[in-house]
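Below you'll find the structure, written out as structure tokens, and then a few comments.
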Amino acid sequence: MFIEARIKLTAWYLAIIMAISIFFSVIIYRGATFEIDRIQRIQILRHPLGATYVLDSDVLRETKQRIVLWLVMINSSIFIISAIAGYFLAGKTLEPIRTNVENQKKFISDSSHELRTPLTSLKTEIEVALRDKKLSLSNAKVQLKSNLEDVNKMQRLANYLLKLNVYEDGQKLPMTKVDLKEIALDAVGKRKIKTNLKKSIVAGNKDSLTELLTILIDNAIKYGEGKEVEVRVKPKGVVEIEDHGIGISDEDLPHIFDRFYRSDKSRGTDGYGLGLSIAKSIVDLHHGTIKVESKLGQGSKFTVLI
Ligand code: ADP
């Protein structure tokens, strides 16, 4: 698909360049032959008998032919150079689109895979229950509870996917002046977390920033091994969320913001590996930065600058 598009784009580049080149070649040829004809006319006027022509008509005809030859050679060189450069440039132009399409494909395949797991379990459980002729009411309730868990999982995944779509779409969110201290208080909610919150006014979208801090706080608790979690808001739009839990290895660190990425150590906990991708998209929408410092077994510190 991309090879075909690359060749088509190269053909378009070439067609445009050659049209311009041929247009100017015709003008150059017309100009040059006009001058040659003028010289010929002047010679005829000055020496009507033709005996003392400085340039005879054969030389002039040959000059015209040589001009044509030169122009053909120049146009052929332009054609070859443009074809090579055009093919290269078309590749460069299409590269971001190609990467994007590949990412989308991977995203669709990962999402389907994640959806298939709870769906398969749901289907199997329902089939087994239907086959059980002596299924008691209490067993049926246990069954339904387990089904509900699977449905909740799928709903959570669908919500994550929808959010990712909204934030990664780069849609303009309404921005107002917001206090990160208030947002952090909202995100912490009733959870027992150490806080050190200073007033910090930034231009941002309240709901998405609350979502961002909620994701980071949820992770700090989830991977915090029950140890202390601290949220700090500093002036000039800085928020830090620190835990003393499992930490992140150096191999995992570069990937944690990738969609569906989960470290091996976190496989035992609930999650889809989408929280930090959403967090990163929200930070990007605010033209901010998100950094993480972490040591395996010692904990992690996420620093957001809005
Ligand atoms: P999820 O938590 O659902 O797996 P996230 O996108 O929020 O997805 O996080 C991606 C991965 O980054 C997690 O699976 C985990 O390995 C790692 N991670 C994120 N936050 C922390 C943290 N505070 N401590 C240790 N590891 C973390």
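Order of appearance sets the numbers: ligands from 1, and atoms from 1 within every ligand. As a basis for the values below, the full set of heavy atoms in this structure was taken, side chains included, without hydrogen atoms, waters or symmetry mates.
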Between Lys206 and Glu182, does any NZ, NE, NH1 or NH2 come within less than 4.0 Å of an OD or OE carboxylate oxygen?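 Judged by the 4.0 Å cut-off on N to carboxylate O distance, Glu182 and Lys206 do not form a salt bridge.
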
Is the backbone N or O of Ile183 less than 3.5 Å from a side-chain atom of Thr210, with the two atoms forming a donor-acceptor pair by type?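 Looks like no, no N/O pair under 3.5 Å.
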
So do Thr120 and Thr124 actually touch side chain to side chain, heavy atoms under 4.5 Å?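 The answer is yes, as the side chains (C-beta and beyond) meet within the 4.5 Å cut-off.
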
Sub-4.5 Å side-chain heavy-atom contact between Asp132 and Lys134: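 They are in contact (side-chain heavy atoms under 4.5 Å apart), so the answer is yes.
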
For ligand 1, which atoms have a heavy atom of [X] less than 4.0 angstrom away?
X	value
Ser300	22 (C), 24 (N), 25 (C)
Ser263	14 (O), 16 (O)
Leu274	6 (O), 8 (O)
Arg262	1 (P), 4 (O), 14 (O)
Tyr272	3 (O)
Lys222	1 (P), 2 (O), 3 (O)
Tyr261	10 (C), 11 (C)

For residues 98-105, which side-chain N or O atoms pair as donor and acceptor with protein atoms under 3.5 Å away, sequence neighbours left out?
from	atom 1	to	atom 2	distance (Å)
Thr99	OG1	Glu95	O	2.8

Considering only the protein, which heavy-atom contact is closest to [atom], and what is its distance?
atom	result
atom 23 (N) of ligand 1	Asp243 OD2, 3.0 Å
atom 7 (O) of ligand 1	Asn219 ND2, 2.8 Å
atom 8 (O) of ligand 1	Gly273 CA, 3.0 Å
atom 26 (N) of ligand 1	Ile248 CG1, 3.2 Å

Distance-only N or O hit between ligand 1 and [X], under 3.5 Å:
X	answer
Phe302	no
Ile256	no
Gly271	no
Tyr223	yes
Ser266	yes

Rounded to the nearest 0.5 Å, how far apart are CD1 of Ile67 and OG of Ser25?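 So the CD1 of Ile67 and the OG of Ser25 are separated by 12.0 Å.
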
Scan residues 85-94 for pairs that pass side-chain hydrogen bond (donor to acceptor under 3.5 Å, both in side chains), counting only residues two or more places apart or in two chains.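 Listed once each, the pairs are Tyr13-Thr93.
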
Nearest option to atom 9 (O) of ligand 1, as decided by whichever heavy atom of Thr269, Val292, Ile215, Leu276 sits closest: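 Answer by nearest heavy atom: Leu276.
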
Within a reach of under 6.0 Å around [atom1] of [X], are more than 12 heavy atoms found that belong to other residues, nucleotides or ligands?
X	atom1	answer
Arg66	CZ	no
Asp58	CG	yes
Lys227	NZ	yes

If Ile, Leu, Val, Met, Phe, Trp and Tyr residues are connected whenever their side-chain heavy atoms lie under 4.5 Å apart, and connections chain through other members, are Ile215 and Val238 in the same group?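 No: no chain of side-chain contacts under 4.5 Å links Ile215 to Val238.
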
